[in-house]
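The next block holds one structure in the form of structure tokens; read it before the comments.
These values consider heavy atoms only, across backbone and side chains, with no hydrogens, waters or symmetry-generated copies.
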Amino acid sequence: MDSNYYINREEILFLENYLFSLKEWGQYDVALLGQCAKFIDLIHLMQLTEKMLSPFQTSNNIPYVKQAIIQTVLNIIEVYVENGTYEPARRLIRYLETSDIHDYYMFEKITLIYTKANCLYHTGDETALEIMKKCQEILEFCDCSKTANWVADEINELLRNDHT
């Protein structure tokens with residue numbers, strides 16, 4: 001979602017009510033949560049994430065829904081890290097690490113490695129920065145220049161913040 005877009009409180013409540021009312025989450029619903037995660041308060045985000053990942057969701061094993069879940073969980077981890085909520089981020093990282101992400105989803109695998117390293121770095125593991133840089137190198141090698149540049153900018157921002 002465009003970071004300049006503003007969602008008012010009524011729209012957020014409508015979205016939350018819709019997501020909380022779901023009995024079965026489909027690809028659209030999962031993607032909607034992932035795209036709007038940064039607008040939802042952290043408590044509701046945790047609750048909705050649990051609901052989406054519930055083992056009672058029968059659609060979670062459909063390949064395109066599973067991929068949407070992986071992408072959404074990666075987005076949610078990023079929101080948690082940005083807000084300094086590291087324990088829920090770690091739980092979701094463990095969830096993805098045990099989810100048997102297929103090799104077809106190499107980008108998601110690299111993103112998980114990067115996201116985990118980012119979380120570790122924010123919690124004091126300075127060696128994780130090297131893993132983040134390796135992910136950037138892989139992205140550059142794969143000619144994913146926009147994403148590699150975004151990663152470089154994020155790493156530089158982390159380094160600037162550490163030196164101020």
Is a donor on one side and an acceptor on the other found under 3.5 Å between the side chain of [X] and the backbone of [Y]?
X: Ser59; Y: Trp25; value: yes
X: Glu24; Y: Thr58; value: yes
X: Lys51; Y: Leu22; value: yes

[X]: partners by side-chain hydrogen bond (donor to acceptor under 3.5 Å, both in side chains), with sequence neighbours left out:
X: Thr98; value: none
X: Asp143; value: none
X: Glu78; value: none

Checklist line | Value rounded to 0.5 Å, distance of CZ in Phe107 from SG in Cys144 | finding: 6.5 Å
Could you state whether [X] and [Y] fall into the same hydrophobic cluster, counting links through intermediate Ile, Leu, Val, Met, Phe, Trp or Tyr residues with side-chain heavy atoms under 4.5 angstrom apart?
X: Val79; Y: Ile7; result: no
X: Tyr80; Y: Leu48; result: yes
X: Met52; Y: Ile93; result: yes

Check: Would Leu33 and Leu45 satisfy side chain to side chain contact (heavy atoms under 4.5 Å, CB included), going step by step from the backbone distance to the final call?
Finding: CA-CA 9 Å; Leu33 176 61; Leu45 184 57; 3.9 Å; yes
Output side-chain donor-acceptor pairs under 3.5 Å for residues 127-140, partner residues at least two apart or in another chain, one line each.
residue, atom, partner, partner atom, Å
Thr127, OG1, Asp125, OD1, 2.4
Gln136, NE2, Glu140, OE2, 3.0

Margin query: Please determine whether side chain to side chain contact (heavy atoms under 4.5 Å, CB included) holds for the pair Leu53 and Val73, giving the CA-CA distance in whole Å, both sets of side-chain angles, and the decisive distance to 0.1 Å.
Written below: CA-CA 9 Å; Leu53 297 177; Val73 169; 4.1 Å; yes
Is the shortest side-chain heavy-atom distance between [X] and [Y] below 4.5 Å?
X: Arg90; Y: Ile77; result: no
X: Tyr104; Y: Gln67; result: no
X: Asn118; Y: Leu158; result: yes

Using atom types as modelled, flag every donor-acceptor pair under 3.5 Å from a side chain in residues 8-19 to any protein atom, sequence neighbours excluded.
residue, atom, partner, partner atom, Å
Asn8, OD1, Glu10, N, 3.1
Asn8, OD1, Glu11, N, 2.8
Glu11, OE1, Asn8, N, 2.9
Glu16, OE1, His44, ND1, 3.2
Glu16, OE2, His44, ND1, 3.3
Asn17, ND2, Leu13, O, 3.2
Tyr18, OH, Asp29, OD1, 2.4

Checklist line | Worked verdict on Tyr95 versus Ile69 for side chain to side chain contact (heavy atoms under 4.5 Å, CB included) | finding: CA-CA 11 Å; Tyr95 169 82; Ile69 288 171; 4.1 Å; yes
Item checked: Evaluation steps, salt bridge (Lys or Arg N to Asp or Glu O under 4.0 Å), between Arg160 and Glu157 -> CA-CA 5 Å; Arg160 269 194 301 278; Glu157 183 66 25; 2.8 Å; yes
Margin query: Run Met106 and Cys142 through side chain to side chain contact (heavy atoms under 4.5 Å, CB included) and show every step you take.
Written below: CA-CA 11 Å; Met106 187 178 81; Cys142 294; 4.0 Å; yes
Margin query: Quick one, Lys116 with Glu97, criterion salt bridge (Lys or Arg N to Asp or Glu O under 4.0 Å). Give me CA distance, side-chain angles, the key distance, then yes/no.
Written below: CA-CA 10 Å; Lys116 180 180 180 180; Glu97 287 177 330; 2.8 Å; yes
Notebook entry, point to check: What pairs with Tyr28 under ring pair (Phe, Tyr, Trp, His ring centres under 6.0 Å), at least two apart in sequence or on another chain?
Noted result: none
